[in-house]
Protein chains: 2
Amino acid sequence: MAITKLRRNTPQRRVILEELCLLKSHPTAAELYAIVRKRLPRISLGTVYRNLEVLHEDGVIDKMEFAGAESRFDGNTELHYHVRCTECGRIEDIFPLDWEQTPAQPAELAGFQVTGYRLEYFGICPDCRIRLAH
Amino acid sequence: MAITKLRRNTPQRRVILEELCLLKSHPTAAELYAIVRKRLPRISLGTVYRNLEVLHEDGVIDKMEFAGAESRFDGNTELHYHVRCTECGRIEDIFPLDWEQTPAQPAELAGFQVTGYRLEYFGICPDCRIRLAH
DNA sequence: TTGACACCAGGAATGGTTCCTATTAATTTG
DNA sequence: CAAATTAATAGGAACCATTCCTGGTGTCAA
Ligand SMILES: [Mn+2]
Ligand SMILES: [Mn+2]
Ligand SMILES: [Zn+2]
Ligand SMILES: [Zn+2]
């Protein structure tokens with residue numbers, strides 16, 4: 001039933017995924033672009049965006065979108081959560097093991113057919129805490 | 001210690017807050033602009049944005065930001081959560097009473113000083129479910 | 001009065017992301 | 001392999017919600 005769209009295995013897509021998975025950080029498209037360019041100097045930023053989107057569609061990577069801040073990408077698709085620094089945008093992993101409960105996901109809420117949820121913590125990262133204290 | 005900034009009680013700010021609080025919906029700045037213009041025809045969209053920001057800073061209203069979608073505002077600052085329709089952007093309230101647990105908020109995670117968290121559900125609203133089924 | 005300044009309307013600028021178009025190249029078919 | 005098909009690319013323009021800028025206005029206090 002679900003027609004799987006043909007994906008070509010381009011060098012650009014391959015390198016983008018490789019470099020993302022090497023990182024423990026959660027880079028923006030622009031940051032990843034800078035890294036990928038070392039191996040593919042002629043790649044365009046649009047290609048990075050398009051492939052990150054495609055990889056996300058296919059469930060190969062995670063995409064985290066924020067208002068007013070650049071989206072960030074995660075090569076680790078294990079179930080985990082994040083803390084985001086409201087000062088510099090840095091993101092760190094929080095694995096469910098680290099604390100007790102995970103939120104319930106009801107099938108229906110207020111008449112909505114619930115397809116997912118998003119839980120994210122925000123705060124100040126160690127570096128920014130030091131920096132802000134002069 | 002915390003220097004409270006002087007706020008002037010302008011008609012624009014008053015009307016924006018009044019109209020927002022009358023609504024059970026969670027309007028965008030543009031939607032609220034259209035409503036407020038009926039009472040203040042010469043108000044500018046920039047003024048609506050500025051005042052919504054100010055009111056949010058002062059904790060008088062809630063602001064919900066989404067990537068790729070307009071921010072929405074909430075005159076109800078009681079603790080509650082939201083379901084957002086991924087098709088039309090509509091938002092409905094979910095009060096903690098409606099279901100069991102609320103997420104824990106640790107004071108520190110991964111070295112971050114945690115200042116808050118965000119939990120939001122997304123799905124398909126009743127209207128869009130009907131519409132999508134032809 | 002006069003100064004200080006929060007605030008306004010109008011409009012330009014911003015910037016991350018998406019879209020457009022001609023071209024390239026991965027994959028399939030014969 | 002050669003040819004046909006068409007997904008994907010580079011480059012750059014467009015998008016658009018939001019913010020910023022500017023000149024001006026209303027208000028309060030000294
Ligand atoms: Mn992660
Ligand atoms: Mn609400
Ligand atoms: Zn930080
Ligand atoms: Zn809907």
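Throughout, protein chains are lettered first and strands after them, A, B, ... in sequence-line order, and every chain is numbered starting at 1.
- At whole-Å resolution of the value, CG in A:N51 and P in C:dT17 are 15 Å apart.
- The CD1 atom of A:I35 sits 4.5 Å away from atom CG of A:L23, with the distance rounded to the nearest 0.5 Å.
- With rounding to the nearest 0.5 angstrom, the CD1 atom of B:I91 is 8.5 Å from the CZ atom of A:F112.
- Comparing C:dG16, D:dT18, C:dA9 by their nearest atom to the side chain of A:E70 picks out C:dG16.
- The side chain to side chain contact (heavy atoms under 4.5 Å, CB included) test applied to A:E65 returns A:K63, A:S71, B:A67, not counting sequence neighbours.
- Here C:dC7 presents its C1' atom at 16 Å from CD of B:E53, a figure rounded to the nearest Å.
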Check step by step if side-chain hydrogen bond (donor to acceptor under 3.5 Å, both in side chains) holds for B:R50 and B:T47.
CA-CA 5 Å; B:R50 185 176 356 91; B:T47 296; 3.2 Å; yes
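- Rounded to an integer number of Å, the gap from A:L52 CG to D:dA8 P is 14 Å.
- The distance from atom CE of B:M64 to atom C1' of D:dA17 is 17 Å, rounded to the nearest whole Å.
- Ion pairing of A:R39 with A:E19 is present here, as a side-chain N (NZ or NE/NH1/NH2) and a carboxylate O approach within less than 4.0 Å.
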Nucleic acid footprint by protein, nucleotides 22-30 of chain C - heavy-atom cut-off 4.0 Å, B for base, S for sugar-phosphate alone:
---BBS---
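- In this structure, B:Y49 reaches the D:dT18 phosphate: one of its side-chain N or O atoms is under 4.0 Å from OP1 or OP2.
- Across residues 12-38 of chain A, A:Q12, A:R13 each have a non-hydrogen atom less than 4.0 Å from an atom of DNA chain D (numbered order).
- Distance CG/B:L17 to CG/B:N51: 9.5 Å, rounded to 0.5 Å.
- Applying the 4.0 Å criterion to OP1 and OP2 of C:dT17, one finds that A:S71 has a side-chain N or O inside that range.
- Classified by interplanar angle (parallel below 30°, tilted 30° to 60°, perpendicular above 60°), the ring pair B:H26/B:H82 is perpendicular.
- One can place CG of A:L45 at 9 Å from P of C:dT17, the figure rounded to the nearest angstrom.
- Listed candidates were C:dT17, C:dA9, D:dT19. Nearest to the side chain of B:K63 is D:dT19.
- Distance, A:R42 CZ to D:dG12 P: 10 Å, rounded to whole Å.
- Cation-pi contact between A:R72 and A:F66: absent, since separation from the ring centre below 6.0 Å together with deviation from the ring axis within 45° is not met.
- Here D:dA10 presents its P atom at 5 Å from CD1 of A:I43, a figure rounded to the nearest Å.
- Look at B:R7 and B:E57 and you find a salt bridge, because one of the NZ, NE, NH1 or NH2 atoms lies within 4.0 Å of a carboxylate O, short of that distance.
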